[in-house]
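Down below is the structure, laid out as structure tokens.
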Amino acid sequence: MNKQEEFYRDQRICMNYSEESERFEGAVIPPTYGNTLFTYTNFEAFIEAEKNQQTNYVYRRGTNPTVEAAERKLAALERGETCKCFSSGMAAISASLMASVKSGDHILCISHLYACTLDLLKYLSKFGVKHTIIDSTEIEDIKAAITDQTKVIYMENPTNTYVRIIDLKAVAALAKSKGIRTILDNSWATPLFQKPLTYGIDIVVHSLSKYLGGHSDLMGGALITSKEIMESIFNKEYLLMGGVMGPYEASLLLKGLRSLPLRMLAHQDNAKQIAEFLSSHPKISAVHHPGLPSHPDYEKARDFLTGFSGLISFELKEESFEQVKMVINNMRVFQIGVSWGSYESLVLSPNYGYNVEKIKEEGISSGIIRLSVGLEHADLLIDDLNKALMAR
Ligand SMILES: *Cc1c(COP(=O)(O)O)cnc(C)c1O
């Protein structure tokens with residue numbers, strides 16, 4: 001299948017796949033099952049069902065038909081065997097890491113990562129789990145950073161903020177040769193634009209609170225992997241830690257997924273126009289978007305990504321908090337707020353004044369501004385940016 005055919009297939013998955021309307025009296029969308037438990041007509045059947053809560057409906061903390069409809073779609077989109085949805089992206093990431101390490105193990109991270117993931121890695125040290133973060137996407141550097149204790153390589157592709165591209169095939173092959181598990185956060189690209197499992201990555205995690213929900217009304221996470229890995233995660237980290245998705249969130253997710261392909265094309269198109277505008281702007285020293293020919297991974301990006309999302313960042317020539325603050329405060333269409341990946345355009349900077357030293361330590365420019373490019377017309381967004389940049 002070529003890229004276009006894969007996209008059509010994904011579009012069908014987002015809209016119709018696994019809806020089983022015949023099971024639900026022809027309902028065009030799956031009903032929202034609000035019940036917490038399922039009853040049985042005899043005790044023997046109940047005992048049998050309880051033995052395997054992954055494939056039988058027993059209690060909502062394990063399975064729910066509405067959540068399952070969404071899970072089957074996500075697994076199909078990622079070309080994975082199975083998926084479980086969580087109450088947040090962090091719940092999914094925590095479960096994936098807790099499932100993969102024990103005391104004394106080491107996690108190798110490829111920089112840069114989402115800030116809360118970094119905090120989680122620091123938190124895990126209280127259980128004797130160590131980690132190192134390498135500020136490179138080169139396979140030789142990754143190889144050199146592996147220790148005898150390394151059990152997991154954790155990454156985002158593209159990497160956070162600088163959107164650098166990791167050679168997923170090479171990392172997966174290297175990890176497999178050493179018995180190391182690979183976990184990848186695919187929230188930026190979405191399964192429409194990148195399918196990490198097809199390159200040999202073991203576990204894909206998502207924050208569904210971003211593009212997959214898409215309307216700033218849903219918090220959720222997902223983990224997509226093989227049946228074998230999931231079997232253990234379901235019985236331990238899913239059932240026991242209990243950060244599961246509820247049916248009402250699942251119905252919002254199903255709704256978000258229906259328009260995901262169209263939204264992603266629009267985010268991609270808007271972000272590309274904005275990145276081009278910003279890269280020729282006199283007040284800007286750098287724009288981080290892998291679709292720009294000036295990006296260091298412009299070629300490499302095409303090996304793994306079939307499209308680009310709307311989360312981009314740029315650096316002001318004048319690297320001061322005052323300047324960053326002024327530009328952000330002068331935006332009218334872009335709203336100030338956390339998160340990203342929804343219909344509305346958002347602006348933020350990791351440069352919060354008090355944070356300046358910390359971000360310098362991590363090698364992030366203090367003139368950096370992050371945009372989540374929404375679905376408004378590109379002309380409107382470019383005009384907003386230009387006015388804010390030229391304000392004095
Ligand atoms: C937001 C985010 C998360 C965490 O997801 P939540 O749903 O907010 O818990 C994880 N990874 C990335 C890249 C994110 O941007």
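Note that ligands are numbered from 1 as they come in the structure, with each ligand's atoms numbered from 1 the same way. Everything quoted here is computed from the prediction, not taken from an experiment.
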I need the nearest protein heavy-atom contact for atom 14 (C) of ligand 1: residue, atom name and distance, please.
K210 NZ, 2.9 Å

Using a 3.5 Å cut-off on N or O atoms only, is W340 in polar contact with ligand 1?
yes

In terms of its nearest heavy atom to atom 5 (O) of ligand 1, the top option of S87, S207, A91 is S207

Atoms of ligand 1 under 4.0 Å from any heavy atom of D185, numbered from 1 in the order shown, are 10 (C), 11 (N), 12 (C), 13 (C)

Show which atoms of ligand 1 fall inside a sub-4.0 Å distance from at least one heavy-atom site of E156.
13 (C)

Report, in ascending order of atom number, the atoms of ligand 1 lying under 4.0 Å from any heavy atom of I93.
10 (C)

Can you see whether T150 engages H106 through a side-chain donor-acceptor pair at a distance of less than 3.5 angstrom?
yes

Between T117 and ligand 1, find which residue part has any heavy-atom pair under 4.0 Å and reply side chain, backbone, both or neither.
neither

Crowding at CG, D148 (>12 non-hydrogen neighbours, <6.0 Å):
no

Checking side chain to side chain donor-acceptor pair (under 3.5 Å) for the pair T182/D202: CA distance, chi angles, key distance, verdict?
CA-CA 5 Å; T182 44; D202 295 311; 3.3 Å; yes

If you draw a 6.0 Å radius around OH in Y59, do more than 12 non-hydrogen atoms from other residues or ligands fall strictly inside?
no

Taking distance alone, with no angle check, do M90 and ligand 1 share an N/O pair under 3.5 Å?
yes

One finds that the ligand 1 atoms under 4.0 Å from a non-hydrogen atom of G220 are 7 (O)

Evaluate whether atom NZ of K176 has more than 12 neighbouring non-hydrogen atoms of other residues, nucleotides or ligands under 6.0 angstrom away.
yes

Of G341, S372, S209, S88, the residue with the heavy atom nearest atom 7 (O) of ligand 1 is S209

Salt bridge (Lys or Arg N to Asp or Glu O under 4.0 Å) partner of R72, the single match among E81, E20, E78
E20

min-distance protein heavy atom vs atom 6 (P) of ligand 1 -> G89 N, 3.4 Å

Applying side chain to side chain donor-acceptor pair (under 3.5 Å) to S345 and E376, what does each step give before you reach the verdict?
CA-CA 8 Å; S345 289; E376 301 90 345; 2.6 Å; yes

Looking at K143, I'd like to know if its NZ atom is crowded, meaning that more than 12 non-hydrogen atoms belonging to other residues, nucleotides or ligands lie closer than 6.0 Å.
no

The closest protein heavy-atom partner of atom 4 (C) of ligand 1 is Y114 CE2, 3.4 Å

